[in-house]
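To start, the structure itself, in structure tokens.
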Amino acid sequence: MKVIKTAEEFKQIRKSLENKSVGFVPTMGGLHNGHLSLIQKAIKENDVSVVSVYLNPTQFNDKKDLETYPANFDDDCALLEKAGVDYLFAPTYPVMYPDDYKYMLTEKDFSKELCGAKRPGHFDGVLTVVMKLLNIVRPTNAYFGEKDYQQFKLLEGMVQAFFMDVKLIPCPIVREENGLAISSRNRKLSPAGLAMAPKFHEILAAGGSEAEITKALENAGFKVDYVTIKDNRIYAAVFLEEVRLIDNLER
Ligand code: PAF
């Protein structure tokens with residue numbers, strides 16, 4: 001696996017891959033089996049695989065959340081190497097934001113709802129960094145997990161709005177056997193928190209109205225950030241031991 005740190009270097013390499021299909025998985029590190037499922041798909045479906053590891057500060061509205069994000073670059077490298085990834089793009093802030101975030105991409109509608117309503121500026125940061133990454137990597141296919149379903153829909157809208165030549169591929173949520181959606185943030189939970197967390201999915205799967213689901217989550221001990229049913233999907237975010245967990249489910 002070749003590790004690339006600058007946009008210029010990656011763009012040079014990309015020129016040499018002109019006739020190949022390139023599968024890209026953008027990540028913020030803290031890699032787990034959910035990421036691995038995307039990475040394996042990217043390797044299988046393309047000639048060349050690229051993963052980025054970049055903990056993007058502009059999508060964190062809460063400084064503490066950014067500072068405590070559980071990522072370990074050496075562990076991530078070892079996992080990617082073992083999986084058989086061809087290129088790891090691991091830029092720094094000055095590489096990704098030579099403009100110091102003077103330019104940003106905003107969506108004015110769906111990005112203001114659900115997670116966007118609770119995390120102001122979050123989706124501006126996501127859309128901006130993904131646009132930059134797609135411009136650098138120029139993948140044929142880019143893979144995103146459906147755990148961040150709102151993120152996926154917004155990115156899909158961005159690709160259409162800006163006539164971008166990339167196919168975005170949604171990948172199903174990977175869950176623990178107990179139903180808990182796998183997330184880097186699960187690592188921040190205590191053993192007691194980890195034992196309680198699967199109830200989040202269990203309660204969403206049991207269904208009901210927004211008010212009923214909210215009440216069931218509160219009774220189980222979660223602090224509910226939001227529960228919204230929209231377009232036949234339940235979206236929810238809760239706090240458990242101050243760790244924010246999200247999940248969603250088709251109805
Ligand atoms: O889903 C994520 O991990 C991030 O939002 C992404 C797409 C890598 C952008 O930083």
Side-chain angles (χ1 to χ4, degrees), residues 28 32 34 37-38 59-66 68-69 105-127 130 144-161 168-190 192-251:
M28 295 202 297
H32 50 63
S37 74
L38 273 56
Q59 69 187 77
F60 285 82
N61 59 315
D62 176 355
K63 224 175 154 219
K64 199 170 148 221
D65 190 23
L66 172 63
T68 59
Y69 197 83
L105 196 60
T106 301
E107 191 271 357
K108 296 197 288 188
D109 186 15
F110 190 37
S111 75
K112 307 301 173 197
E113 297 177 29
L114 311 173
C115 281
K118 299 291 176 177
R119 302 181 68 190
H122 169 64
F123 286 118
D124 295 342
V126 171
L127 294 174
V130 174
F144 294 88
E146 287 188 340
K147 186 168 80 63
D148 300 291
Y149 198 80
Q150 186 180 13
Q151 166 174 284
F152 179 76
K153 293 314 280 181
L154 286 164
L155 290 170
E156 204 174 47
M158 174 185 88
V159 163
Q160 279 169 16
L168 300 195
I169 309 215
C171 302
I173 299 178
V174 179
R175 298 184 182 279
E176 304 284 3
E177 264 177 37
N178 59 24
L180 176 65
I182 295 184
S183 162
S184 310
R185 287 191 169 86
N186 296 352
R187 292 182 195 159
K188 291 164 84 171
L189 294 170
S190 73
L194 266 178
M196 176 175 157
K199 282 218 167 316
F200 182 25
H201 173 250
E202 199 180 301
I203 291 168
L204 295 190
S209 66
E210 289 175 0
E212 284 163 345
I213 295 169
T214 302
K215 194 146 188 274
L217 287 167
E218 282 170 355
N219 288 344
F222 295 99
K223 186 168 164 255
V224 176
D225 204 22
Y226 71 84
V227 173
T228 303
I229 300 173
K230 191 182 163 85
D231 300 334
N232 292 324
R233 190 169 287 273
I234 310 174
Y235 296 84
V238 295
F239 286 96
L240 174 59
E241 297 178 333
E242 293 186 31
V243 179
R244 191 171 185 275
L245 304 176
I246 60 170
D247 205 341
N248 69 87
L249 212 62
E250 209 172 351
R251 299 247 289 176

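Since we're looking at a predicted model, the values are computed, not measured.
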Nearest-0.5 Å distance that lies between atom CD in Q59 and atom CD in Q151: 7.0 Å
Worked check of salt bridge (Lys or Arg N to Asp or Glu O under 4.0 Å) between E212 and K215: CA-CA 5 Å; E212 284 163 345; K215 194 146 188 274; over 6 Å; no
Gap between atom NE2 of H122 and atom SG of C115 - 0.5 Å precision: 6.0 Å
Straight-line distance of I182 CD1 to H32 NE2, nearest 0.5 Å: 7.0 Å
L154 side chain reached by V126 side chain, heavy atoms, under 4.5 Å: no
Worked verdict on D65 versus R119 for salt bridge (Lys or Arg N to Asp or Glu O under 4.0 Å): CA-CA 11 Å; D65 190 23; R119 302 181 68 190; 3.7 Å; yes
Minimum side-chain heavy-atom gap I213-V224 below 4.5 Å: no
Stepwise side chain to side chain contact (heavy atoms under 4.5 Å, CB included) check, I246 with D225: CA-CA 9 Å; I246 60 170; D225 204 22; over 6 Å; no
Interatomic distance, L249 atom CG to N232 atom CG [nearest 0.5 angstrom]: 12.0 Å
Side chain to side chain contact (heavy atoms under 4.5 Å, CB included) between F200 and L240, worked out: CA-CA 10 Å; F200 182 25; L240 174 59; over 6 Å; no
Minimum heavy-atom distance between V174 and S37, given as atom pair plus value: CG2-OG, 3.4 Å
Non-hydrogen side-chain atoms of K199 and F222 separated by less than 4.5 Å: yes
I173 to A181 - nearest heavy-atom pair and separation: CG2-CB, 3.8 Å
pair S184-M28: side-chain heavy atoms closer than 4.5 Å: no
Point-to-point distance, once rounded to the nearest 0.5 Å, from CD of E202 to CG of D247: 12.5 Å
Spacing of H201 atom NE2 and E176 atom CD [to the nearest 0.5 Å]: 12.5 Å
Residue pair D124 / L105, side-chain heavy-atom distance below 4.5 Å: no
NZ (K112) with more than 12 external heavy atoms under 6.0 Å: yes
Full working for side chain to side chain contact (heavy atoms under 4.5 Å, CB included) between V238 and V227: CA-CA 9 Å; V238 295; V227 173; 5.9 Å; no
Mutual orientation of the aromatic rings belonging to Y69 and F60 [parallel < 30°, tilted 30-60°, perpendicular > 60°]: perpendicular
Modelled atom types, side-chain donor and acceptor of E113 and T228, under 3.5 Å: no
Parallel, tilted or perpendicular, as decided by the 30° and 60° cut-offs, for the rings of F110 and Y235: perpendicular
Heavy-atom side-chain proximity of L204 to N248 below 4.5 angstrom: no
